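Structure record follows, encoded as structure tokens.
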Amino acid sequence: MDYDHLEPTDGGLKLIGVRNFKPKHIFECGQCFRWDMVNEGRYLGIVRGKVLEVSEEDTGIFLHNVNEEDFRTVFEDYFDLKREYGPIKEELSKDPLLKESVEFGHGIRILNQEPFETLISFIISANNGIPRIKAAVAKIAEKWGTPISYNGRTYHAFPSPLQLSKASEADLRGIGIGFRAKYVARTVRAVYEAECIERESLTRKLTDDEALSLEQSLDRIASLPHKLCHDALQCFEGVGPKVADCIMLFSMGKQEAFPVDVWVKKAMSFFYKAPEMSLPMTREFGQDKFGRLSGFAQQYLFYNARENKVKVE
DNA sequence: ATCCAGGATAGCT
DNA sequence: AGCTATCATGGA
């Protein structure tokens, strides 16, 4: 546990004795796309159909618009608060090259996000920039997600597979995601059909084709061990090795994943003098070095490299 | 204008 | 299995 207990406040909760929790680090380390800074140290996000705010004040960390039941059922896990990051950081800091990055992103926590939203968001992330990814995800929610009113304003949940299956490829192209529209449309269809077939499977025997579609059920994929999970995710169009690693790490609890993008490649090259390594090589190098803590190491490296615009050569 | 952004894919060898 | 051109889009 990385907090001691809760204290009810006006319309929210205060985390008492919270450790390793800095909103700026958590929401700006590139793992999520639905959180925005509303004030210094205060962020607003939409998670599983709820709008909430997180603020860091002199007196501690506050969760706004969250009651104790929401916290127990959703947000304790979402913020990964049952995990102690102290020992993780200590272990990773034994590596002098990583210590600097761990210190720079000392308040990072890896969120446990929704698999479907993470899948679609990271398909959009391919060869794209973070501000534009966020804009695209926001537009998808506005067009196809369920509206939520909060503080006199209207926000939108990320759509379910059923809701997003109403979007055509042309609709999605209108969002401004370019060539990724086809991937998103086809992947949404695959997830939606797998969900339907999963329900059907409770009442009757499936055909061979249906059994194959069932392999695309996100629940099932999430329950697979690392390697099989990584392979299964890549059966979705628009999902390659890096995006699969992100989905595993950010929404399926697979902390041994090591997503390698341009920034992590630069960071590995910068810190570990590993130039001229291909992406797959860099991935294996990282997993061998960091093992079950690969995902955490990757986030500290990514945040440091990107915020400080690490240049190699 | 050219390059780049949390890459993936089809078509090569 | 590993390499390459191509894929939209907008900002630097």
Side-chain angles (χ1 to χ4, degrees), chain A residues 25-35 101 104-105 108 110-111 113 115 117-140 167-188 190 216 227 230-252 254-255 257-271 276-287 294-313:
Chain A
H25 294 174
I26 294 170
F27 303 126
E28 296 187 14
C29 71
Q31 61 178 323
C32 53
F33 302 109
R34 298 222 68 198
W35 285 89
S101 294
F104 182 74
I108 289 177
I110 296 186
L111 300 171
Q113 305 181 63
E117 175 177 339
T118 307
L119 169 63
I120 301 306
S121 299
F122 276 94
I123 287 175
I124 293 169
S125 80
N127 199 28
N128 210 341
I130 289 180
R132 293 187 51 214
I133 300 165
K134 289 180 67 173
V137 175
K139 282 182 198 167
I140 286 176
S168 69
E169 181 184 328
D171 290 335
L172 289 163
R173 201 166 270 273
I175 296 297
I177 57 176
F179 64 92
R180 307 165 193 86
K182 181 166 70 180
Y183 301 150
V184 171
R186 293 187 182 182
T187 293
V188 169
Q216 311 244 129
K227 170 67 176 157
H230 194 246
D231 289 343
L233 283 169
Q234 290 177 69
C235 293
F236 292 112
E237 283 197 64
V239 178
K242 186 267 174 184
V243 168
D245 274 327
C246 286
I247 298 163
M248 293 170 65
L249 178 59
F250 301 139
S251 74
M252 294 180 172
K254 313 279 190 206
Q255 285 83 21
F258 192 75
V260 178
D261 68 335
V262 291
W263 289 109
V264 172
K265 189 162 155 44
K266 282 180 196 171
M268 291 301 280
S269 176
F270 182 84
F271 290 109
E276 301 305 314
M277 269 207 297
S278 65
L279 294 173
M281 291 284 291
T282 307
R283 178 173 184 266
E284 264 199 59
F285 182 76
Q287 286 194 308
S294 295
F296 303 101
Q298 190 272 359
Q299 277 310 99
Y300 293 120
L301 285 168
F302 174 85
Y303 184 60
N304 189 6
R306 182 169 175 271
E307 290 290 310
N308 295 313
K309 303 193 190 314
V310 165
K311 284 189 176 59
V312 51
E313 288 171 313

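Proteins get letters first, then strands, A, B, ... in listed order; numbering begins at 1 in each. All figures in this text were calculated on a predicted structure; none of them were measured in a lab.
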Check: Using the P atom in both, what is the distance from B:dA8 to C:dG10, to the nearest Å?
Finding: 22 Å

Notebook entry, point to check: Between B:dA5 atom P and A:W263 atom CH2, what is the distance in whole Å?
Noted result: 6 Å

Note to self: Suppose you measure atom C1' in B:dA5 against the same atom in C:dC7; what distance do you get, rounded to whole Å?
What the structure shows: 14 Å

Next item on the list: Return the nucleotide paired to B:dA5: Watson-Crick means purine N1 to pyrimidine N3 with N6-O4 or O6-N4, wobble means G-U with N1-O2 and O6-N3, both under 3.5 Å.
Entry: C:dT9

Check: Between A:Q31 and A:F27, is there a donor-acceptor pair closer than 3.5 Å when you use the side chain of the first and the backbone of the second?
Finding: no

Next item on the list: For the pair A:K265 (side chain) and A:M277 (backbone), establish whether a donor and an acceptor sit closer than 3.5 Å, ignoring hydrogens and angles.
Entry: yes

Check: How many Å lie between NE2 on A:H230 and C1' on B:dA8, as a whole number?
Finding: 13 Å

Next item on the list: Determine the contact category for A:V260: base if any of its heavy atoms lies under 4.0 Å from a base atom, sugar-phosphate if only primed atoms, P, OP1 or OP2 are that close, otherwise nothing.
Entry: nothing

Note to self: From CD1 of A:I130 over to P of B:dC4, roughly how many Å is that when rounded to an integer?
What the structure shows: 17 Å

Checklist line | Side-chain donor or acceptor of A:N128 paired with backbone N/O of A:S125 under 3.5 Å | finding: no

Item checked: Sugar-phosphate only, base, or nothing, as touched by A:R306 at under 4.0 Å among non-hydrogen atoms -> sugar-phosphate

Check: Using a cut-off of 4.0 Å on non-hydrogen atoms, how would the nucleic acid contact of A:G30 be classed: base, sugar-phosphate, or nothing?
Finding: base

Next item on the list: From the options A:I120, A:T118, A:I124, select the one residue that forms a side chain to side chain contact (heavy atoms under 4.5 Å, CB included) with A:F122.
Entry: A:T118

Next item on the list: Could you tell me whether the side-chain ring of A:F302 sits stacked on the base of B:dG6, using a centroid cut-off under 5.5 Å and a plane angle under 30°?
Entry: yes

Margin query: Using a 4.0 Å heavy-atom cut-off, does A:P241 contact any base of the nucleic acid, only the sugar-phosphate backbone, or nothing at all?
Written below: sugar-phosphate

Check: Between atom CZ in A:F33 and atom C1' in B:dG6, what is the gap in whole Å?
Finding: 7 Å

Checklist line | Side-chain (A:R180) to main-chain (A:A126) donor-acceptor, under 3.5 angstrom | finding: yes

Checklist line | Side chain of A:K266 (C-beta onward), nearest among C:dA8, B:dA5, B:dG6 | finding: B:dA5

Notebook entry, point to check: Side chain of A:A126: nearest nucleotide among B:dA8, C:dC7, C:dT9?
Noted result: B:dA8

Note to self: For a quick check of understanding: with a heavy-atom distance under 4.0 Å over all strands, which category does A:C29 fall into, base, sugar-phosphate or nothing?
What the structure shows: base

Next item on the list: Check every atom of B:dG6, C:dC7, B:dA5 against the side chain of A:Q298 and return the nucleotide holding the closest atom.
Entry: B:dG6

Item checked: Gap between atoms CD1 and P, on A:I177 and B:dG7 respectively (whole Å) -> 15 Å

Note to self: Whole angstroms only, please: what is the CD1-C1' distance between A:I133 and C:dG11?
What the structure shows: 14 Å

Next item on the list: Would you indicate what A:Q31 reaches in the nucleic acid, counting non-hydrogen atoms under 4.0 angstrom: base, sugar-phosphate, or nothing?
Entry: base

Next item on the list: Quote, to the nearest angstrom, the P distance that separates C:dT4 from B:dC4.
Entry: 16 Å

Notebook entry, point to check: Quick one: A:N128 CG to C:dG10 C1', roughly how many Å, whole number?
Noted result: 10 Å

Item checked: A:R132 vs C:dG11: side-chain N/O to OP1/OP2 distance below 4.0 Å -> no

Notebook entry, point to check: Mapping A:D261 and A:E237 to their closest nucleotides on DNA chain B, which lands nearer the 5' end?
Noted result: A:D261

Next item on the list: Look at the side-chain N and O atoms of A:R180 and state whether any lies under 4.0 Å from the OP1 or OP2 oxygen of B:dA8.
Entry: no

Notebook entry, point to check: Contact class for A:F236 vs. all strands (heavy atom < 4.0 Å): base, sugar-phosphate, or nothing?
Noted result: sugar-phosphate

Item checked: Beyond-backbone contact of A:I130 with A:R306, side-chain heavy atoms, under 4.5 angstrom -> yes

Next item on the list: Take atom C1' in B:dC3 and the same atom in C:dT6, then report the distance between them in whole Å.
Entry: 16 Å

Notebook entry, point to check: Can you tell me if A:E307 uses its side chain to pair, donor with acceptor, with the backbone of A:G105 under 3.5 Å?
Noted result: no

Next item on the list: Take the protein atom OH of A:Y183 and the nucleotide atom P of B:dT9, then report the distance between them rounded to whole Å.
Entry: 6 Å

